[in-house]
Amino acid sequence: MQLPSPADSGDASPLPPPLDGNLLIDLSPLPTMVLSPSCCITRVSNRFLDSWAVTREDCVGQQLLSFIDRQLHPAGSAAILYISATIDAAVAARAERTTKQITTINATSWRARVLPIFNGAELLATVLEWQEGSAPLIEEEIVRPGLSTDEAFRILVQAVKDYAIFLLDTSGHIASWNRGAELLKGYRREEIIGKHFSVFYGTDDLAVRKPELELEICLREGRVEDEGWRYKKDGTRFWANVIITAVYKDGVHVGFGKVTRDLTERKTSESRLIAAYEESEKLKSDFLANMSHEIRTPMHGMLSACSLLLDTALTDRQKDIVYIMDESGQVLLQVINDILDYSKLASGSFSITSDIVGITSVITSVVRSVQTTMRSPVHFELFLAPELPKSVQGDPLRYRQIVHNLVNNAGKFTERGHIRIQASVQSEDEDSYVVLTEVTDTGIGIPDAGSANLFTPFTQFDATTTKRFKGTGLGLSIAKSLAELMGGRIGYRPNPERQGSIFWFTARFKKIKSLEQINAWKNNYSRGEDVHQLALGSPSPELVAELGRAASTKSLLLAEDNIINQKVMIGMLRSIGFKNVALAANGAEAVKMVRGKPAAYDMVLMDINMPILDGHKASVQIREAGIRVPIVAMTAYALKGDKERCLEHGMDDYIPKPVQKQYLIKVLCQWLLTEKDYR
Amino acid sequence: MPDPNFGEHVDLSTFSQILEMDDEDHDFSKPLVDNFFEQAEETFVQMDHALSAQDLERLSSLGHFLKGSSATLGFSLIRDSCQVIQQYGSHLNVDGSREEDAAVCLGKIREALTDVKVHTAELKEKMNEFFELE
C-alpha cells in the first residue's frame with residue numbers, strides 16, 4: 001500500500017486507513033509471537049516460523065507452554081517454568097521482561113522479550129519477541145573448561161562409592177580419601193589422611209614387606225596390580241583387588257594413585273550360588289531317593305505277599321491271577337530302579353564305587369538268575385577266557401547291572417536256540433584290564449531301522465509289541481551310561497551265524513596288585529577252565545613218589561557230610577599214602593576243628609554242599625580267624641566260574657566231583673609239595 | 001575190567017577207581033556198596049515221607065544227598081533220577097527253566113522216585129552177582 005506523500009495533500013486529506021495490525025506482526029523482522037491473555041498463541045510472524053522451523057498450524061491456537069515444551073531441548077527441561085514466571089512478572093509489573101535462555105530442538109538458544117499490552121486495566125495480549133541467545137558462548141567459555149579443571153575431577157573421584165580411590169605421597173602416606181574408601185575401609189577422612197597405607201595390610205603381608213615392595217615395583221613398572229586380604233578399620237578383612245599407579249607431574253614423581261576393589265562380595269556370592277545349586281541338587285536326589293524308598297518298601301511287601309500266596313493251595317485260575325500280580329510288581333520295581341538310576345546318571349551325580357569284582361562269578365550268577373525265570377527251552381553257554389583275571393577292582397554292582405540287562409534282554413527276545421555269554425580280556429596294560437563281555441542270542445533280532453536308537457532312552461524298537469516285551473525303555477541307555485562310566489563302550493551287531501543279536505560292552509578294571517601272587521600261581525596252574533576235563537596230564541612219577549613219602553607226615557582235614565563219599569575219599573587218600581585224615585561232617589564242625597587247632601592241618605578238603613554251614617561259609621570263617629591253611633573245595637557244580645566263586649570265598653583251589661584220583665594227586669602235589677608252608 | 005553186564009547202571013571208569021582201592025577180596029568196595037544200598041533205602045523212606053507231606057525243599061535236599069554218593073560210585077541211573085528229584089524239588093525243570101506249578105513238580109518227583117527204586121533194586125541184584133562171581 002502506497003502512503004501518499006505530504007506534497008500530494010493540499011488540504012486536510014483523510015488519514016490513511018489504519019494499518020492491519022496483523023500484518024505488522026506477520027511481517028516483523030523479528031521472530032514475534034502474540035499471546036492471548038490466557039497465553040494461547042494467536043499470531044506469529046513469518047520470521048518466527050522460519051527461524052523456529054515450524055508451521056502456523058504447529059503454534060497458532062496452541063497453549064504457549066505446550067508449544068514451547070514440545071520445542072525444548074533437552075525434553076522436559078524446567079525452562080518452561082522460567083518462561084511462565086517471566087510472563088507473570090511482566091504482566092504484574094506492566095513492563096517488559098526478558099526470559100532466560102532456552103534451547104530448542106534445532107539446536108538454537110532463544111530468549112524472549114515479554115511485552116504485556118494493556119488497555120487501561122485490561123490485558124489485551126502479550127507480545128513475545130524472540131532473540132537468538134548467546135548460549136554457545138557459555139558452553140565454550142565456562143562449561144567445557146570447567147569440566148577439565150582438577151576441581152571437577154576431584155568432585156568426580158570423591159563421588160565414587162564403589163571403589164576406594166585415593167592418592168599416596170611418594171613415601172606411601174595417604175594424601176586423599178574418597179567416599180568409596182570411607183565405605184570400604186571404614187576410616188573417615190580425618191583419621192586416615194597422613195597415615196601410611198600399610199595400615200590396611202595383614203601381619204603376614206607386613207612380615208614380608210609387601211606394601212613397600214608394591215611401591216618399588218610400581219615405580220619400576222609404572223603400575224602394579226595385586227589381589228589379597230586387606231583389613232578394615234574394625235579389623236575385619238576383605239578380599240581386595242588393588243591397582244597402584246605412579247603419578248608424575250612435569251616429569252617429577254609426585255605420588256601414587258590407588259584403586260581398591262572389594263572382591264569378597266563376588267567371591268561369597270559365587271560360593272553362595274554354588275552352595276545353592278548343590279543344595280538343590282541334593283534336595284532333588286534326596287527326594288528321589290526317599291520317594292523311591294517309599295515306593296519300593298510297599299512294593300517289596302506286595303511281592304513277598306504274592307510269592308507267599310503262590311505257595312498256598314490255589315486253583316489254576318487264582319494262580320494265573322497271582323502270576324499277573326507278581327509279574328506286574330516285578331516290572332514296576334524295575335521301573336522304579338531304572339528311573340532312579342537314569343536320573344542319577346543324567347544329573348551326573350552317579351558314582352562308581354571301587355570294590356572287588358569277580359567277573360566270572362558275576363556272569364554265572366546272572367545266568368543262573370535269568371535261567372530260573374525263563375520258560376522257553378533256550379540253553380545257556382558260557383565261554384570265559386582262561387586269561388580273565390580272577391579278581392579285579394571295579395564296581396561289581398554296576399558291572400552286574402549291565403550284564404543282567406543284556407542277558408535279560410536276550411532271554412526276553414529269544415524263544416529257542418541258545419544264549420551265549422563270552423568274556424575275554426580285550427587289552428591289558430600295567431595297571432588295568434579292558435574286559436570285553438558279549439551276549440549272543442538266537443532270538444528275533446533287531447530290524448535295521450531300530451538299531452540306530454537302541455541305546456537312546458525310551459525307545460523300544462517294536463512299539464507294537466510293547467505289551468509283550470515289558471520294560472521301561474531305559475535299560476540299554478542306563479547300560480550305556482554305566483559302561484561309559486567304567487571307561488568302556490557298548491554296542492550291537494546282528495548275529496552273523498543265524499537270526500539273532502550280539503550285544504557287547506567293554507569296561508576298564510584296575511588290577512589288584514596284592515593278588516599278583518595268586519596270578520603267579522595261576523600261571524603255574526594248568527590253563528583251561530573246563531570243569532569236566534580230567535586232570536591234564538598226570539603229575540610226573542617222581543612227584544607222585546615224593547608225595548607218597550611226604551603223605552605220611554601230613555595231616556589232613558576232610559569235611560564231607562555223605563558217609564559214602566567220606567569213605568571213598570579216605571580210601572583214596574590212604575592209597576596215596578596219607579595216614580592222618582580227620583573228619584568233619586559239616587562246615588560248622590570243620591571250622592571248630594580248624595580254629596581249635598590252627599596249625600594242626602596241612603590242608604583242608606572241603607565239600608561245598610553241607611548242612612548247617614556250607615563249604616563257602618566255612619572257608620570264610622576260617623579265613624576270618626586268620627588261618628591260612630590251604631582249603632580245596634570239592635563240588636559238583638557244572639557251570640564254569642564256580643572255581644572262581646570258591647576262590648573268592650577264600651578257598652585256594654577246587655576239585656570237581658566225583659573226585660578223580662589223578663586230579664586229587666595233582667592238587668595235593670601243588671599244595672603240599674610246591675607251595676610254601678603257610679605256617 | 002568189571003563185568004560189562006552193568007549196562008547203563010554204572011559208569012565204569014568211576015567204579016573202577018573204587019575197585020582199585022581194594023587190597024584183596026573187595027574188602028573195600030563191597031562193604032562200601034552195601035553201605036550205599038543201606039543209605040539208599042533210608043533215603044527212599046525219607047523221600048516217601050516228604051512226598052506225602054509235599055515238602056519240595058526236603059525232597060530236593062534228599063535228592064542232592066543221594067546224588068552225591070551215587071555219583072561217587074559211578075551209579076549213573078540212580079544219580080540221574082536223584083538229579084530229577086533235586087531239580088523239581090527246587091521248582092526247576094531239568095533244562096534249568098523254572099517250574100512254578102508245585103503239583104507238576106511233585107508229579108515228576110513221584111515218577112523219579114519210582115524209577116530210582118526200580119534202578120536200585122536192579123543194580124543191587126547186579127552188584128550181588130558181581131561180587132559173588134568175583
Side-chain angles (χ1 to χ4, degrees), chain A residues 307 310-316 319-320 322-323 326-327 367-380 411 418-419 534 560-576 607-611 614 634-639 656-664, chain B residues 11 13-23 27-29 31-40 42-43 54-58 60-76 78-79 82-83 86-87 90-104:
Chain A
S307 110
L310 282 170
D311 279 344
T312 65
L314 297 170
T315 66
D316 282 342
K319 222 171 272 189
D320 281 343
V322 179
Y323 281 143
D326 189 61
E327 235 177 280
V367 167
R368 229 179 262 134
S369 87
V370 174
Q371 241 177 349
T372 56
T373 62
M374 286 185 59
R375 300 165 200 238
S376 51
V378 172
H379 73 270
F380 284 78
H418 63 258
I419 296 175
L534 295 180
E560 167 64 67
D561 63 322
N562 192 317
I563 193 170
I564 302 289
N565 297 345
Q566 264 183 26
K567 290 190 172 170
V568 171
M569 279 305 295
I570 291 179
M572 252 190 231
L573 289 168
R574 202 166 282 151
S575 71
I576 298 171
D607 186 27
I608 296 299
N609 277 72
M610 290 185 286
D614 71 36
M634 301 181 296
T635 167
Y637 287 162
L639 286 180
K657 278 166 81 168
V659 176
Q660 305 286 337
K661 189 165 172 185
Q662 290 305 308
Y663 211 104
L664 178 61
Chain B
D11 170 56
S13 68
T14 312
F15 189 61
S16 51
Q17 264 196 136
I18 308 292
L19 295 174
E20 272 163 32
M21 292 191 255
D22 285 329
D23 281 332
D27 57 349
F28 178 75
S29 57
L32 191 68
V33 168
D34 286 339
N35 219 323
F36 170 78
F37 286 120
E38 278 167 19
Q39 188 187 70
E42 279 170 22
T43 311
Q54 300 195 342
D55 188 343
L56 285 173
E57 208 182 302
R58 178 115 179 88
S60 184
S61 84
L62 287 168
H64 176 85
F65 180 77
L66 195 60
K67 180 184 89 176
S69 39
S70 54
T72 302
L73 296 177
F75 293 171
S76 315
I78 297 177
R79 179 202 62 206
C82 288
Q83 177 77 35
Q86 181 190 339
Q87 295 274 119
S90 302
H91 282 283
L92 295 173
N93 285 306
V94 283
D95 63 8
S97 58
R98 194 134 177 94
E99 180 49 70
E100 294 299 348
D101 191 337
V104 168

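Here is the naming used below: chain letters follow the sequence lines, and residue numbers restart at 1 for every chain. Being a predicted model, the structure only gives us computed values, none of them experimental.
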Check your understanding: Heavy-atom count around B/R98 CZ within 6.0 Å, excluding the residue itself: above 12?
Key -> yes

Exercise for review: Determine the option with the most heavy-atom pairs under 4.5 angstrom with chain A, choosing from B/E99, B/H64, B/R79.
Suggested key: B/H64

Practice item. Enter the distance from B/D22:CG to A/S575:OG here, rounded to the nearest 0.5 Å. Key: 11.0 Å

Review point. Using non-hydrogen atoms only, which part of A/V659 is less than 4.5 Å away from chain B: side chain, backbone, both, or neither?
Key: backbone

Review point. Rounded to the nearest 0.5 Å, how far apart are CG of A/N565 and CG of B/L73?
Key: 7.5 Å

Point to revise | Under 4.5 Å from a heavy atom of chain B, the part of A/D607 involved | key: neither

Review point. Got a second to check how far A/I563's CD1 is from B/F36's CZ, nearest 0.5 Å?
Key: 13.5 Å

Practice item. Nearest 0.5 Å please: distance from the OG1 atom of B/T14 over to the NZ atom of A/K661. Key: 14.0 Å

Exercise for review: Check A/Q371 against B/D95 and note the closest heavy-atom contact, atom names and distance.
Suggested key: NE2-O, 4.4 Å

Check your understanding: Of the listed residues (B/G68, B/S69, B/A102), which shares the most heavy-atom pairs with chain A below a 4.5 Å separation?
Key -> B/S69

Check your understanding: At a heavy-atom separation under 4.5 Å, does B/E100 approach chain A through its side chain, its backbone, both, or neither?
Key -> both

Review point. In Å, rounded to the nearest 0.5 Å, how long is the span from CG of A/L310 to NE2 of B/H91?
Key: 9.0 Å

Check your understanding: Roughly how far, to the nearest 0.5 Å, is the NZ atom of A/K657 from the OG1 atom of B/T72?
Key -> 6.0 Å

Exercise for review: Answer with side chain, backbone, both or neither: which region of B/L32 has an atom nearer than 4.5 Å to a non-hydrogen atom of chain A?
Suggested key: both

Review point. Contact part of A/M569 toward chain B, heavy-atom cut-off under 4.5 Å: side chain, backbone, both or neither?
Key: neither

Practice item. Heavy-atom pairs under 4.5 Å with chain B are the metric here; pick the option from A/Q566, A/K567, A/K319 that has the most. Key: A/K567

Practice item. Using modelled atom types only, decide if a donor and an acceptor are shared between the side chain of B/Q17 and the backbone of A/V568 within a distance under 3.5 Å. Key: no

Exercise for review: May I ask you to decide if B/F65's main-chain N or O and A/N562's side chain share a donor-acceptor pair within less than 3.5 Å?
Suggested key: yes

